[in-house]
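Scope of the values below: all heavy atoms of this structure, side chains included, with no hydrogens, waters or symmetry mates.
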Amino acid sequence: MARYIVKRIAQGLLLVFVVSILVFSMLHMMPGDPIELMVDRKVSQEKKDEMRAQYGLDLPLPVQYVNWVNNILHGNFGTSIRTRMPVSQLFAARIPVTVELCGIALLLELLIALPIGLLAAYKKDGFFDRIMMSISLFFAAIPSFWTAVMLVLIFGVTFKWLPISGFTTMRHYVLPVAAMVLGSIASTIRMTKTEVLDVLREKYVLTAYAKGLSKRSVLVRHVLRNALILVTVLVFMNIPWLISGAVIIENIFVIPGMGALLRTSILNQDFAVVQACVLIISILTVICNLACDIITAILDPRIRISMGGSEK
């Protein structure tokens with residue numbers, strides 16, 4: 001088991017290294033000069049060169065990359081070209097908002113999707129199964145931004161029941177969280193149903209019924225517990241997508257989170273902020289994949305063995 005974990009961590013570190021190079025390179029290939037964007041046209045070329053040297057933009061790209069990585073390893077993500085503030089200080093105010101939004105959405109998604117997927121599998125081909133699968137297929141085909149806009153038009157503009165911007169009270173949470181949950185809950189429901197159906201065919205389920213256990217006990221203690229292996233994979237894979245989806249949701253509902261910061265930084269070509277945002281999302285994706293593989297291997301030794309690990 002230890003060998004398998006070390007192997008997966010090494011692969012994750014290599015992937016982070018490759019991603020960091022791609023993030024750094026792609027942003028420097030963007031058209032435009034950030035110094036030209038932040039100063040007036042009347043500023044002299046000497047002053048522009050001085051500012052370019054101040055931000056290290058006059059150095060060769062390999063040197064800039066090494067300096068960038070070294071600063072990040074010491075907790076320094078650079079300085080925003082637009083606001084002249086440390087990027088870490090900008091993140092400190094924005095990350096808690098995004099984490100709170102995504103955490104609530106993920107928790108609600110699991111609380112809703114797992115029971116629905118379990119019942120849909122138990123009542124396979126029944127009315128409940130058909131209606132739930134149709135609804136989940138409908139929401140799976142709709143982009144989250146369209147769902148968010150429709151929620152704003154219906155509940156915010158037409159009926160005026162809920163606020164359409166801000167993030168200060170519990171009422172402000174309803175529409176953005178609903179948009180995120182409806183956009184991602186469909187895959188969780190369908191995955192839960194598929195996995196539960198596979199578990200229901202196992203012999204130990206028939207044995208549990210033969211012992212006289214109640215349906216509720218069998219479904220919860222035996223079926224759902226074993227079906228959660230693949231669902232765990234889906235949950236960890238959903239975390240980066242929730243955060244990336246929050247970029248759109250936060251801009252629609254004017255929420256001061258990482259999404260709004262990333263959008264503003266891209267429009268302003270604020271390289272330091274964009275690099276840090278994209279790198280954090282990429283690293284989080286790698287960490288989630290790594291944690292997913294390790295936890296799945298712990299829950300199911302067959303997966304660990306099939307991927308080259310040992311049984312212990």
Side-chain angles (χ1 to χ4, degrees), residues 1-30 56 59-78 86-88 91-92 94-96 98-99 102-103 106 109-110 184 187-188 191 195 198 225-247 258-259 262 271-312:
M1 184 63 188
R3 181 181 177 184
Y4 174 77
I5 294 177
V6 171
K7 177 181 176 181
R8 294 296 297 120
I9 291 177
Q11 293 174 348
L13 291 175
L14 178 62
L15 185 57
V16 168
F17 172 70
V18 174
V19 167
S20 68
I21 294 177
L22 293 176
V23 170
F24 181 84
S25 302
M26 287 189 296
L27 287 173
H28 280 272
M29 294 177 185
M30 294 173 59
L59 299 174
L61 287 181
V63 177
Q64 291 188 44
Y65 172 76
V66 172
N67 293 338
W68 178 61
V69 172
N70 182 60
N71 290 332
I72 289 177
L73 292 177
H74 289 83
N76 179 15
F77 290 92
V87 176
S88 56
F91 284 178
R94 303 290 188 121
I95 288 180
T98 300
V99 170
C102 295
L106 181 61
E109 177 185 338
L110 295 178
S184 60
S187 59
T188 307
M191 182 67 74
E195 188 65 11
D198 291 339
R225 181 178 179 180
N226 288 279
L228 285 179
I229 294 177
L230 192 57
V231 175
T232 301
V233 176
L234 186 64
V235 169
F236 278 96
M237 294 297 292
N238 272 352
I239 294 176
W241 289 109
L242 277 175
I243 295 177
S244 59
V247 174
M258 290 288 290
L262 178 59
F271 285 174
V273 180
V274 176
Q275 284 177 327
C277 287
V278 176
L279 183 65
I280 287 177
I281 294 176
S282 302
I283 291 177
L284 181 61
T285 302
V286 174
I287 292 176
C288 288
N289 289 336
L290 179 62
C292 172
D293 290 342
I294 294 175
I295 292 176
T296 303
I298 293 174
L299 294 176
D300 191 348
R302 295 173 300 177
I303 298 176
R304 181 171 68 253
I305 295 173
S306 66
M307 297 179 68
S310 60
E311 189 173 356
K312 294 184 179 180

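By the 4.5 Å heavy-atom criterion applied to side chains, C102 and T98 are counted as neighbours. The closest side-chain heavy-atom distance from M191 to T188 is not below 4.5 Å. Contact of the N71 side chain with the F77 side chain is not registered, since no non-hydrogen atoms from C-beta on lie closer than 4.5 Å.
In terms of heavy atoms, F91 sits closest to I280 at CE1-CD1, 3.3 Å.
Looking at V286, I281, L279 one by one, the single match for side chain to side chain contact (heavy atoms under 4.5 Å, CB included) with I283 turns out to be L279. Checking each of I21, L22, V23 against S25 for a side chain to side chain contact (heavy atoms under 4.5 Å, CB included) leaves exactly one that passes, namely I21.
Rounding to the nearest 0.5 angstrom, the gap separating the CD1 atom in I72 from the OG atom in S88 is 11.0 Å. Within the model, atoms CD1 of I9 and NZ of K7 stand 13.5 Å from one another, a figure rounded to the nearest 0.5 Å.
Scanning for side-chain contact (heavy atoms from CB on, under 4.5 Å) contacts around V69 gives Y65, L73, with sequence neighbours left out. In this structure, the side-chain contact (heavy atoms from CB on, under 4.5 Å) partners of P60, at least two apart in sequence or on a different chain, are P62, V63.
Using a distance-only test at 3.5 Å, with no hydrogens or angles considered, a donor-acceptor pair links the side chain of S20 to the main chain of F17. Looking only at distances, no side-chain donor or acceptor of S282 sits under 3.5 Å from a matching main-chain atom of V19.
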